[in-house]
Amino acid sequence: MQSANTVVDSDTRLFLCLSRGDTLFIRYVIVNELVLALTCMSHLAARVAARRSLVFQSCCAVLITASLLGLTESQAQRTCTASIHHRGGMDDAEGDTTNARVVGTCTVDDGASAGTVSAIHAGAGSGVGAGAGADDVAGAPPGATRREARHYSAIVVGAGLAGATAAHSIVSRHPTATVLVVEASQGVGGRLRNMRAVPLKDALDGRTGAGDRSGGGGSGGIVYDLGAAWTWPSHDRNLARVAKAAGVATVAQYGDGAAMSDQAGRWRAVRASVFSEERRFVGGAASIPHNLLRLAQDTRRVDVVTGFAVDRVSQAKTVADASAPAVSVHAVATSSTSSRGSDLTATGDVVILAAAPQLLQARVVFDPALPSALATAMRATPVWMADTAKLAFVFSSPFWRDMGLSGSAFSRRGPIQQLWDNTQEFIAPSGSLAPAAEGAGEAEGAAGAGSSDTGPQESPMERHIAAPAALSGFVFGADAMQLGGGGKAAGGVVRRSLEQLQGILGAKNAGACIGVAAQAWPLEEWIAPPMTSQSLAPPSSAGMNGFGARELRVPQWDGALLLAGTETEDEAGHMEGAALSGLRAAEAAVKHLKRVA
């Protein structure tokens with residue numbers, strides 16, 4: 001229900017919870033809002049925090065009234081949005097696209113109006129931490145009809161984890177730097193994504209793409225982590241640092257009970273520990289880039305543009321000082337919601353390309369051309385998750401735990417080859433539904449599967465389920481392609497996967513499924529090019545998995561052009577690689593900015 005160019009902040013998420021009667025999440029959002037208010041008090045002007053408080057109180061009153069009156073979800077949301085704008089909420093940018101909320105403009109030609117490319121909102125709670133979808137942030141700088149190209153200190157291409165990390169780190173490290181983030185898809189998050197489930201009947205009919213990423217509370221509720229999901233604390237030190245900056249906590253992956261193994265068509269329980277120290281992020285991993293960009297925008301020095309794909313990166317000269325080298329970025333609109341056919345131009349002292357190298361090589365023209373060794377490495381580096389889909393089945397409760405099952409299963413005979421318990425949880429003191437503070441309940445080092453997450457707190461800590469229960473699985477290759485293509489073929493993949501669940505849980509239990517969510521990464525236009533080049537031999541300097549070729553980490557154009565993204569680091573395509581690359585690129589960018597100042 002949320003359009004691509006609107007924002008779901010914590011106030012609107014509270015509305016969504018009220019309209020669904022989701023009292024657990026209501027309490028979660030209220031606590032989250034209080035924490036954010038305290039953060040604002042310490043880092044921002046007092047008037048910003050006060051205004052957020054007014055917005056929050058206003059939304060509470062409006063939404064509770066709407067719930068009591070029985071208004072529809074869309075009616076109540078319009079009422080809430082009007083109330084926010086009336087009270088000066090959304091930090092001015094949403095209500096007035098000419099306000100100096102952001103640092104400037106960039107050229108958007110062919111009649112694109114400021115209304116179609118409005119500023120991303122950095123309001124309290126923007127992101128997915130309390131149940132919003134992974135892509136509920138969109139926009140571009142206001143005043144976009146101006147013809148002169150705006151100059152930024154840095155331009156970041158890509159708003160996934162690496163790009164968000166780089167943008168946040170730059171403005172944290174440099175007191176005056178301005179940053180433009182350009183994203184081709186209609187929302188931020190990259191390969192970190194939450195989605196709303198569709199009814200099982202729709203999925204069986206092949207309408208697997210009907211669910212959106214707005215988190216609007218469909219029949220199956222929100223399914224988390226349909227992209228990257230896990231972190232390994234003993235290793236992922238950079239990711240931990242980035243998540244802490246974003247204010248996102250973790251919880252141990254559930255793994256108590258028996259796993260199921262498909263042995264020649266017969267499912268058997270296996271008493272083996274599937275997970276060791278794996279943890280997941282509360283609110284989904286997509287919370288991290290959302291929160292990072294929100295915090296970066298709170299500096300009033302960051303613009304985020306979605307729905308524009310960069311197609312040319314050139315060395316240029318700044319308008320103000322022809323002797324100072326700069327980089328020019330040109331992008332074209334990717335959908336009707338961002339005025340398809342219009343284009344955008346901006347210049348920067350440094351540009352960070354935070355997208356899959358193979359995608360950049362296929363879609364972007366570089367002037368001057370990149371060195372042949374770099375171009376070859378970009379073309380040959382695999383795209384993480386380019387052959388993978390995730391398929392989730394949603395239930396009203398994780399009943400398999402009462403059956404002594406962990407939710408984990410393995411098979412080589414059906415579409416789902418690995419299954420796990422994807423129920424979203426958070427940690428809170430015993431007897432309370434409020435989430436614990438960041439880091440609370442997390443043991444030092446590795447946390448065992450199904451850990452109780454207890455710690456030195458005065459009150460015992462407990463796990464609380466924060467969303468409808470889900471079992472999610474990996475689907476690969478041709479099945480992944482069919483799942484993303486929709487229609488009869490997609491419905492067939494869902495049906496065969498449901499038959500696998502019947503073997504694991506029993507026909508009656510599997511039939512209790514209330515929704516399905518599917519994310520087929522092979523067909524994501526702005527994540528990876530067609531899979532024709534996946535068969536190329538990895539670069540000779542790459543790691544064992546084909547990622548991390550050293551050519552990808554060498555600055556170009558006298559330090560003005562940098563690459564980031566998980567594929568640029570030898571981290572097996574994990575989120576740790578994306579976080580590390582974003583921090584690395586930001587450090588190099590800040591050094592370059594100081595050098596050319």
Does the [X] side chain pair with the main chain of [Y], one donor and one acceptor, at a distance under 3.5 Å?
X    : Y    : answer
E277 : S234 : yes
N194 : G283 : yes
H574 : G577 : no
T423 : A470 : yes

How far does [atom1] of [X] sit from [atom2] of [Y], to the nearest 0.5 angstrom?
X    : Y    : atom1 : atom2 : result
S287 : F281 : OG    : CZ    : 9.5 Å
L161 : T566 : CG    : OG1   : 8.5 Å
D225 : K390 : CG    : NZ    : 6.0 Å

Just by distance, no angles: are the side chains of [X] and [Y] close enough, under 3.5 Å, to form a donor-acceptor pair?
X    : Y    : value
E571 : H235 : yes
S406 : D256 : no
Q519 : E524 : yes
Q253 : W230 : yes
T568 : R584 : yes

Grab the two heavy atoms, one from N422 and one from S472, that are nearest each other, plus how far apart they are. ND2-OG, 2.7 Å
Tell me if the CZ atom of R241 is crowded by more than 12 foreign heavy atoms within 6.0 Å. no
Determine, using ring centers only, whether W420 and F275 are less than 6.0 Å apart. no
Are F476 and F474 close enough that their ring centers fall under 6.0 Å? yes
With side chain to side chain contact (heavy atoms under 4.5 Å, CB included) as the criterion, how do F395 and L471 come out once you've worked through the C-alpha distance, each side chain's angles and the decisive distance to 0.1 Å? CA-CA 8 Å; F395 300 86; L471 291 171; 4.2 Å; yes
